[in-house]
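Along the sequence shown, residues carry numbers from 1.
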Amino acid sequence: PEVVRDLAREHHRAEQLEAPPVRTRGERALDLLAKKKTGQAIKELDDALGIFPNYFMAAQQLGLTYLETEDYQKAIPPLVKAIEINAKAAPAYLALGICSLNLGRADLALDALQRARTLDDKSFRVHFYLGLTLLELNRLNESETALKLSYQIGGPQKAASAHLYLASV
């Protein structure tokens with residue numbers, strides 16, 4: 001309840017700041033991303049966070065954008081911030097897990113991906129990356145289970161990669 005009140009207060013504050021400085025920058029960033037203008041979108045998201053550091057959408061989107069550009073190290077701080085703002089942000093945990101795995105930190109990836117799974121156990125991507133992480137940690141039986149579940153949830157088209165990794169387990 002207290003967390004909900006704090007989030008409501010922060011949301012109210014964001015709405016008060018929303019017009020030109022914050023929400024406009026966030027919306028502009030999303031438009032720029034849709035137009036594949038990643039560099040400009042990153043600047044807008046950074047600017048929005050400079051004005052309102054607890055702007056969840058901007059923090060999560062900045063982290064996701066860095067992940068998409070494979071700048072894993074830069075993705076981590078905004079993803080951690082997004083999780084601090086909203087501890088139920090499954091996409092932020094998933095992205096943090098993917099970044100950690102790509103940076104060779106399977107131990108950190110495992111924690112983030114297990115949290116993502118708790119929040120969204122129907123995501124084939126969560127189970128897929130959890131399976132890869134467990135494979136990296138040489139936990140083969142658990143990896144196989146996660147990859148099979150990824151394949152079951154995503155079906156053959158979405159989770160075709162899971163089949164390849166299952167073959168290696």
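- Closest of all the heavy-atom pairs between Arg125 and Ile98 is NH2-CD1, 3.7 Å.
- Taking CD1 of Ile76 as the start and OH of Tyr66 as the end, the distance is 12.5 Å to the nearest 0.5 Å.
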| message | Using salt bridge (Lys or Arg N to Asp or Glu O under 4.0 Å), reason through Asp31 and Lys35 one step at a time and then give a plain yes or no. | response | CA-CA 6 Å; Asp31 288 341; Lys35 294 174 184 171; 5.9 Å; no
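- Leu119 and Ala87 get closest at one heavy-atom pair: CD1-O, 3.7 Å.
- Rounding to the nearest 0.5 angstrom, the gap separating the NZ atom in Lys37 from the CD1 atom in Ile42 is 14.5 Å.
- Between Phe56 and Ile85, the closest heavy-atom pair is CB-CG2, 3.8 Å.
- Ionic pairing of Lys122 and Asp120 is not present here: no N-O contact between side-chain nitrogen and carboxylate oxygen is shorter than 4.0 angstrom.
- Scanning both residues, Gly131 and Ser143, for their nearest heavy atoms gives O-OG, 2.8 Å.
- For the residue pair Leu140 and Leu135, the shortest heavy atom distance occurs at CD2-CD1, 3.6 Å.
- Asp71 is not listed as a side-chain neighbour of Thr65, based on a closest heavy-atom distance of 4.5 Å or more.
- Between the NZ atom of Lys148 and the CD atom of Gln152 there is a distance of 8.5 Å, given to the nearest 0.5 Å.
- With a 4.5 Å cut-off on side-chain heavy atoms, Tyr93 and Leu113 do not count as touching.
- Annotation: side chain of Leu30 is in contact with side chain of Met57 (closest heavy-atom distance under 4.5 Å).
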| request: Show your working on side chain to side chain contact (heavy atoms under 4.5 Å, CB included) between Leu79 and Cys99 and close with a plain yes or no. | output: CA-CA 10 Å; Leu79 291 170; Cys99 290; 4.2 Å; yes
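- Rounding to the nearest 0.5 Å gives a distance of 12.0 Å between CD of Glu144 and CG of Leu149.
- When all heavy atoms are compared, the tightest approach of Ala109 to Gly97 is CB-O, 3.3 Å.
- The pair Arg115-Asp111 meets the salt-bridge criterion, since a charged nitrogen lies less than 4.0 angstrom from a carboxylate oxygen.
- No side-chain donor from either of Gln114 and Thr118 sits under 3.5 Å from a side-chain acceptor of the other.
- Between the CD atom in Glu142 and the CG atom in Leu110 there is a gap of 8.0 Å [rounded to 0.5 Å].
- With rounding to the nearest 0.5 Å, the separation of OG in Ser150 from OH in Tyr129 is 9.5 Å.
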